[in-house]
**Q** 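Handing you a structure now.
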Amino acid sequence: MRILVVGAGALGILFAGVISRHGGDVVILTRRREAAEAISSDGVIISEGGSSWRAWPECTTDPRKASRADLCLICVKSYDTEAAARMVSPYLSGQCLVATVQNGLNNVERLAEVFGPERVVAGYTLQASTLTGLNSVFHAYDGETVLGSHPSTKTPVEKIRQVADELTKMGVKTAAVENVYPEVLTKLIINSVINPLTAILGVKNGVLLEVQELSWVIDELVLEGVEASSLLGARLSPEHVKNRVYEAIRATYENKSSMLQDIERGRRTEIEFINGALSRVLRSAGKPAPANTLLTQLVLALERKGRRSW
Ligand code: PAF
């Protein structure tokens, strides 16, 4: 199976590195020429558990290289999902499945619009990695990746299972479940807690466990997230979600969240697609969303600070 990884960020480099190390046929497609050059000349370097290893996935800026892919893994930021999909869609074969485990709400819907609901595979990942250079990442946690059926896709379950099995064979431990939607929304709530709080405080994920004042904020975010999920058609238990949030913080203790990494680089964050999206779901149903709205505005202000555009 030839795999096309779209995006050379922390997750794209990690997935492509692991697949290549396990002998998989993988190509990274990125728009950033300097990243493509670094990966093509020096490979990708993954640091984990106190040591590091190198792998040699192919890397290109040329979307025509997408043509032989059997599976396309979209690993761009959620605000780039549609542009990435439109860039590769003319070149992908009609048989190629397109999978997303990105952060944020509505990636699946955007991909389904471009590729059709029969070709899109939805899921989430708890892999935690920090981009440390153009071609290197620190792999902080080897978390689960889970794929499954989703209300916006019609991809047959057997095909989803095949994809999960292939990825697992190629070193990316992936499970397939009947209905991944509740867990996708749970992961969204996990991101709605970890990402803005670490970005605002400028701390690694694990510090959130030590700041007592945050436990109230976390409770509020979980309650809002659970209510938004129910409006989106998934009933979640607040207790279960809260446990998953704390488990994720503990597991990714050493990681810098993707939002903190974006703020530190002066880049746009995914806040509008995480807390902003939850806030919009609640408010458009006439429900208050104070915690998500406040954190969205604070992170947007931080982004502006990074761009020095007060
Ligand atoms: O966005 C992130 O940083 C990741 O999704 C996670 C799992 C919260 C780890 O930092």
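Positions are given from 1 along the sequence. Here the structure is a predicted model, which means the values were calculated and not measured. Read the numbers this way: they start at 1 and go in the same order the structure lists the ligands and their atoms.
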**Q** Would you say Lys187 touches ligand 1, if touching means a heavy atom closer than 4.0 Å?
**A**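 The answer is yes, since Lys187 has a heavy atom less than 4.0 Å from ligand 1.
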
**Q** Does Asn191, backbone or side chain, put an N or O under 3.5 Å from an N or O of ligand 1?
**A** yes

**Q** Looking at ligand 1, does any of its N/O atoms fall within less than 3.5 Å of an N/O of Asn103?
**A** yes

**Q** On a heavy-atom basis, which atom in Leu11 and which in Gln127 lie closest, and how many Å separate them?
**A**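 Smallest interatomic distance, heavy atoms only, reads CD1-CB, 4.0 Å.
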
**Q** Give the residue, atom name and distance (to 0.1 Å) of the protein heavy atom nearest atom 1 (O) of ligand 1.
**A** Ser258 OG, 2.6 Å

**Q** Answer yes if the side chains of Asn255 and Thr130 hold a donor-acceptor pair under 3.5 Å, and no otherwise.
**A** yes

**Q** Going by distance only, is there an N or O of Thr252 that falls short of 3.5 Å from an N or O of ligand 1?
**A** no

**Q** So if I count the atoms of ligand 1 from 1 in the order they appear, which ones are less than 4.0 Å from some heavy atom of Ser257?
**A** 3 (O), 10 (O)

**Q** Short N/O distance, under 3.5 Å, between Thr125 and ligand 1?
**A** no

**Q** Is Lys159 salt-bridged to Glu118, cutoff N-O under 4.0 Å?
**A** no

**Q** In terms of side-chain geometry, is the basic nitrogen of Glu272 or Arg280 positioned less than 4.0 Å from the acidic oxygen of its partner?
**A** yes

**Q** Of all the heavy-atom pairs spanning Leu71 and Leu167, show the shortest one and how long it is.
**A**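 Smallest heavy-atom distance, with atoms named: CD2-CD2, 4.2 Å.
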
**Q** Is any N or O atom of Asn195, backbone or side chain, closer than 3.5 Å to an N or O atom of ligand 1?
**A**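 Among all N and O atoms of Asn195, at least one is under 3.5 Å from an N or O of ligand 1.
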
**Q** Could you check if a side-chain atom of Arg244 sits within less than 4.5 angstrom of a side-chain atom of Glu247, using non-hydrogen atoms only?
**A**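 Heavy-atom side-chain distance check passes, below 4.5 Å.
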
